[in-house]
Amino acid sequence: MNHGLSGGAVQSEFGALPEWNLTDLYPSMESEAFKNDLAKAEGECKALAEAYRGKLDALARGDNPAETLGAAIKRYEAVEDLLGRLMSFAGLIYAGDTTDPVRAKFYGDTQERLTAASSELLFFGLELNRIEDAVMDKAMGAEPLAHYRPWIEDLRKDKPYQLEDTIEKLFHEKSVTGRSAWNRLFDETIASLRFTVRGEELAIEPTLNKMQDPDESVRKDASDALAKTFKDNLRTFTLITNTLAKDKEISDRWRGFEDVADSRHLANRVEREVVEALVSAVREAYPRLSHRYYTLKSKWFGKDKLDHWDRNAPLPKVEQRTIAWDEAKDTVLSAYSAFSPRMADIAQRFFDENWIDAPTRPGKAPGAFAHPTVPSAHPYVLLNYQGKPRDVMTLAHELGHGVHQVLAAPNGALMAPTPLTLAETASVFGEMLTFRRLLDQTKDKVQRKAMLAAKVEDMLNTVVRQIAFYSFERKVHLERRNGELTADKLCELWMSVQDESLGPSVRLGPGYETFWSYIPHFIHSPFYVYAYAFGDCLVNSLYGIYERSNEGFVDRYFALLSAGGTKHYSELLAPFGLNARDPSFWQIGLSMIERLIGELEAMEKEA
């Protein structure tokens, strides 16, 4: 099957759903263009090492360091772009069907060859960081090296945690048979799982989708099916979790990281105390947010407590609309356009040029993502579109990422990537724009209530749930230092954070203890999850500023997105008068969620 390699559309009950066109990267897995670029990348990695290994310090101290060192970095950047293009193509091909052995082999082989090739480049960053500060600072005073100052200064933050070249090379090469292999085992296991709901064998996405069915008995059956299959596979998930937590502990110990999450904070370019302030602010707000909302929701359902399969259920007695793809597209684009025609124009390209893969297919990667690929190409968006209002929000979210990635691309392969602290800004903002537009257009009180409730639930899932995830990960990684964790222990840790975050109005029934096992962030990106809460609170603050006084806001917002990774988040937030180091900063974002819950409570009193 094609699975979107060269674009096109698949007819569905939601209309024609687009499949992405990956030929913008390469014509096919077997193409000469891909083989030639792979060989070129391998050759260029070797050539770069031969030209510059052991010589960067001398270049920095030479007659014209800005010119010679600038040329070296420019060449290094071009190789990074090529490596990124090759790996992006293999990754997207694989995401199209992770159960296809041909795609899996292609992905695995490409990863192996690129890991081996790029190990030749490890010296580059390590040597740059060994150049004395005063020498480097002087060299960066003129172009073309001055252009790379943000990247060089950012790179130097890693300096205290870098090891000698041979150990870095060993870590890098063994990642293929270590961390990456366990990641792939997780992905292929999840994609191959089947869940029996009322005699029907389903993959994970359609099963999770049934947890939002209007019929409670369907939700319960889906929940039971998930729990049964997860339980049957707990041994594998437990082994993967234990192995990756130990792998991380070894790496952290060798590098000298103190706290289990410090390596993530460094990668995110955010200070530990800022994250701790966010976490404590959210945990302290649990009673005012999730506990309060789920108490309200349980009343709507006529229950003393919600069962865990009711948590994301649509409100009772509210007609569930199925939203066609074209309507979803028009909704998001019109919301973007009302904010900024330029933003809508960028998003429109994703539809016009087949940068989106929307259908749900067996074997396809679950969930949704926006992959930036490389600046010399363009991003791609993966969805599993099933016509739910939440799917429209997911489209708005991922297109926000896509717009951000397009705007940041001119910074080049080294400086386009955005730290996770700001990576969720455009996505969550895009969701908020779409939600506000839909709400403004909805006059029916029942529908407004349903929309407000859905938005509150999304925010709780983004803020409260992700901080609970972060707390769970901390417990897992800290406990793992004392030895392997049993499946029962992992389930116990999971239930402790879920109970605390969801509160007394949610009944966590048998089977729910296994639900930690399918969450990919724990596997692929340890401690990534707080970035969602960071982004949501940040966007709530930004949106509040936009609502109060939007003069000049759009220009400042585009400047923030266009900066990519060239500036620290504190520098980018300053023009908006925001300071994440201020403990009260997080309250601004959390108070918006409180306000929406208050609005729902007021509607309840009026009814």
Side-chain angles (χ1 to χ4, degrees), residues 1-10 18-51 74-122 124 172-173 175-177 180-181 184 187-188 349-350 352-357 359 361 363-365 369-382 402 405-406 409 412-414 416-417:
M1 290 178 75
N2 177 47
H3 290 352
L5 180 61
S6 54
V10 170
E19 291 189 313
W20 53 27
N21 179 6
L22 299 181
T23 61
D24 290 357
L25 295 171
Y26 293 100
S28 70
M29 288 185 274
E30 304 80 22
S31 69
E32 288 304 311
F34 183 86
K35 290 172 189 167
N36 292 341
D37 269 4
L38 188 53
K40 180 183 171 185
E42 289 170 328
E44 188 56 16
C45 287
K46 282 197 175 89
L48 195 102
E50 283 165 15
K74 193 168 185 178
R75 188 170 165 189
Y76 172 77
E77 182 175 43
V79 182
E80 285 289 345
D81 191 279
L82 182 57
L83 292 167
R85 176 182 281 264
L86 290 158
M87 200 61 236
S88 297
F89 180 69
L92 293 171
I93 283 276
Y94 178 60
D97 185 354
T98 60
T99 57
D100 176 6
V102 176
R103 289 172 186 242
K105 176 177 166 50
F106 176 71
Y107 174 70
D109 288 351
T110 304
Q111 190 179 45
E112 276 186 28
R113 284 181 66 178
L114 292 181
T115 301
S118 59
S119 68
E120 294 282 356
L121 303 180
L122 285 173
F124 202 89
H172 183 71
E173 289 193 13
S175 69
V176 174
T177 53
S180 296
R184 187 173 152 194
D187 288 345
E188 293 185 10
R349 293 186 67 194
F350 283 77
D352 293 347
E353 300 178 39
N354 282 83
W355 297 354
I356 301 175
D357 193 75
R361 293 187 301 265
K364 180 176 171 180
F369 63 70
H371 193 314
T373 73
V374 284
S376 64
H378 57 75
Y380 283 96
V381 163
L382 177 139
Q405 290 158 358
V406 168
L414 301 180

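All values below were derived from every heavy atom in this structure, side-chain atoms included, with hydrogens, water molecules and symmetry-related copies excluded. Quick caveat: nothing in here was measured; it's all calculated off a predicted structure.
Taking the charged nitrogens against the carboxylate oxygens, E353 and R349 do have a contact shorter than 4.0 Å, which makes a salt bridge.
Side-chain atoms of T98 do not come within 3.5 Å of backbone N or O of E188 as any donor-acceptor pair. Side-chain N or O atoms of Y94 include none that pairs as donor or acceptor with a backbone N or O of D100 at under 3.5 Å. Formation of a donor-acceptor pair under 3.5 Å by the S180 side chain with backbone atoms of S175 is found in this model.
The SG atom of C45 sits 11.5 Å away from atom NZ of K40, with the distance rounded to the nearest 0.5 Å. With values rounded to the nearest 0.5 angstrom, E173 atom CD is found 8.5 Å from T115 atom OG1. For the atom pair CG of D37 and CD of E44, the computed distance is 11.5 Å after rounding to the nearest 0.5 Å.
Of all the heavy atoms in L382 and A365, the pair that sits closest is CD2-O, 3.7 Å. Contact between A377 and L25 at its shortest, heavy atoms only, is CB-CD2, 3.7 Å. Contact between R184 and G108 at its shortest, heavy atoms only, is NH1-CA, 3.6 Å. Here the shortest heavy-atom pairing between P417 and A413 reads CD-O, 3.6 Å. The minimum heavy-atom distance linking P375 with A416 is given by the pair CG-CB, 4.1 Å. Of all heavy-atom pairs spanning R361 and G96, the tightest one is NH2-O, 3.3 Å.
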Output, in order, the C-alpha distance, side-chain angles, deciding distance and verdict of side-chain contact (heavy atoms from CB on, under 4.5 Å) for L414 and E80. CA-CA 8 Å; L414 301 180; E80 285 289 345; 4.1 Å; yes
Could you give me the CA-CA distance, side-chain angles and deciding distance for N354 and E19, then say whether side-chain contact (heavy atoms from CB on, under 4.5 Å) is met? CA-CA 7 Å; N354 282 83; E19 291 189 313; 5.7 Å; no
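Annotation: side chain to side chain contact (heavy atoms under 4.5 Å, CB included) contacts of S31 (sequence neighbours excluded): Y26, P27, S28, A33, F34. When the ring pair (Phe, Tyr, Trp, His ring centres under 6.0 Å) test is applied to Y76, the partners found at least two apart in sequence or on another chain are F124, W151. In terms of the side chain to side chain contact (heavy atoms under 4.5 Å, CB included) criterion, A78 has no residue partners (sequence neighbours excluded). In this view, P372 and Q405 satisfy the side chain to side chain contact (heavy atoms under 4.5 Å, CB included) rule, not counting sequence neighbours. K105 is linked by a side chain to side chain donor-acceptor pair (under 3.5 Å) to D109, counting only residues two or more places apart in sequence or in another chain.
Counting only heavy atoms from C-beta outward, the side chains of W355 and P18 never approach each other to under 4.5 Å. Two residues are said to be in side-chain contact when any heavy atoms from C-beta on lie closer than 4.5 Å; K364 and D357 meet this criterion. Contact check for E120 versus E50: no side-chain heavy atoms found under the 4.5 Å cut-off.
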Could you go through residues 82-92 and list every donor-acceptor pair under 3.5 Å that involves a side-chain atom there, pairing it with any protein atom two or more places apart or in another chain?
| unit_1 | atom_1 | unit_2 | atom_2 | d |
| --- | --- | --- | --- | --- |
| R85 | NH1 | D24 | O | 3.4 |
| R85 | NH2 | S376 | O | 3.2 |
| R85 | NH2 | S376 | OG | 3.3 |
| S88 | OG | G84 | O | 2.6 |

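The number of heavy atoms from other shown groups lying within 6.0 Å of NZ (K46) does not exceed 12.
Ring pair F369/H371 is perpendicular by interplanar angle, where above 60° counts as perpendicular and below 30° as parallel.
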